[in-house]
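This report refers to the structure that appears directly beneath it.
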Amino acid sequence: MNGVAEQRNQTLNDMVRSMVNNSSLPKSLWGKALKTVAYILNRVSSKAVNKTLMNFGLAKGQALNTRILGCPAEVRPYTSHERKLDSRTISCYFFGYVERSRGYKFYDPTLRSFFETG
């Protein structure tokens, strides 16, 4: 009955399938990948709506900074008990954007957990 919503759901599913299959992340994380895809789609312009956050940023000289889901990253998470000669970064994978700030979400495969930076 609602062709627009069905097309949007198909687009979301196609993007999630593409992102998860082209990354080295487990397929069980598709739900969190869906949130990342929705975040990205809400920030790009469409035919129906010309003004989005991306267009507003481009008008101010700022571009939307996108990363590839599942790309390896060296991240320095906050730890309060750091010593002088300890390793400062951990190897993990980029997984998305923080909704309420300008940070990023990462997946640590050794602990099988997510954490945010920024």
Side-chain angles (χ1 to χ4, degrees):
M1 293 294 249
N2 190 351
V4 175
E6 290 175 11
Q7 285 178 342
R8 184 65 160 202
N9 287 338
Q10 186 66 39
T11 302
L12 287 168
N13 285 332
D14 290 343
M15 288 180 72
V16 168
R17 187 179 309 110
S18 172
M19 287 181 159
V20 171
N21 286 336
N22 289 324
S23 70
S24 58
L25 297 172
K27 292 189 186 332
S28 61
L29 299 175
W30 70 269
K32 295 208 184 264
L34 180 65
K35 288 179 81 174
T36 300
V37 168
Y39 179 92
I40 292 170
L41 284 178
N42 286 334
R43 279 153 181 79
V44 295
S45 60
S46 66
K47 290 179 185 177
V49 180
N50 278 347
K51 293 186 178 181
T52 62
L53 291 175
M54 182 179 163
N55 289 341
F56 180 73
L58 289 175
K60 293 177 112 182
Q62 303 166 346
L64 180 64
N65 192 3
T66 58
R67 307 267 191 260
I68 298 172
L69 183 82
C71 68
E74 291 291 322
V75 182
R76 182 180 180 185
Y78 172 75
T79 54
S80 60
H81 55 280
E82 233 176 39
R83 292 187 179 172
K84 188 175 189 176
L85 298 177
D86 286 346
S87 175
R88 307 247 179 201
T89 61
I90 60 170
S91 296
C92 56
Y93 296 98
F94 171 78
F95 205 79
Y97 304 93
V98 179
E99 294 173 12
R100 294 179 182 85
S101 69
R102 299 189 103 191
Y104 300 105
K105 289 181 190 174
F106 294 95
Y107 175 69
D108 185 0
T110 56
L111 298 177
R112 293 184 182 175
S113 64
F114 292 90
F115 64 95
E116 298 174 355
T117 62

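Values below: every heavy atom of this structure, side chains too, minus hydrogens, waters and symmetry copies.
For the pair Ser91 and Pro109, the tightest heavy-atom approach, listed with the atom from each and the gap, is O-CD, 4.1 Å.
Cluster membership for Tyr39 and Trp30, using ILVMFWY side-chain heavy atoms within less than 4.5 angstrom, is shared.
Residues forming a side-chain hydrogen bond (donor to acceptor under 3.5 Å, both in side chains) with Thr89 (at least two apart in sequence, or on another chain): Glu74. Residues meeting the salt bridge (Lys or Arg N to Asp or Glu O under 4.0 Å) test with Asp108, sequence neighbours left out: none. With sequence neighbours excluded, the residues forming a side-chain contact (heavy atoms from CB on, under 4.5 Å) with Val20 are Val16, Lys27, Ala33, listed by chain and number. Judged as a side-chain contact (heavy atoms from CB on, under 4.5 Å), and not counting sequence neighbours, the contacts of Thr36 are Ile40, Leu69, Tyr97. Listed by chain and number, the residues in a side-chain contact (heavy atoms from CB on, under 4.5 Å) with Gln7 amount to none (sequence neighbours excluded). When the side-chain hydrogen bond (donor to acceptor under 3.5 Å, both in side chains) test is applied to Thr117, no partner is found at least two apart in sequence or on another chain. Residues satisfying the ring-ring contact (aromatic ring centres under 6.0 Å, His included) criterion with Tyr93, sequence neighbours excluded, are absent altogether. Shown here are the side-chain contact (heavy atoms from CB on, under 4.5 Å) partners of Thr11, two or more places apart in sequence or in another chain: Met15, Leu41.
We find the SG-CG distance between Cys71 and Leu25 to be 9.5 Å, quoted to the nearest 0.5 Å. Leu34 contributes atom CG, which lies 9.0 Å from atom CG of Asn9 (distance to the nearest 0.5 angstrom). For the atom pair NZ of Lys105 and CD of Glu116, the computed distance is 6.0 Å after rounding to the nearest 0.5 Å.
Checked against the 6.0 Å centroid criterion, the rings of Phe95 and Phe106 do not qualify as a close aromatic pair.
Residues Phe115 and Val75 have side chains in contact (heavy-atom distance under 4.5 Å, counting atoms from C-beta outward). Side chains of Phe114 and Leu29 form a contact here, defined as non-hydrogen atoms less than 4.5 Å apart. Between Cys92 and Tyr107, the closest side-chain pair of non-hydrogen atoms is not below 4.5 Å.
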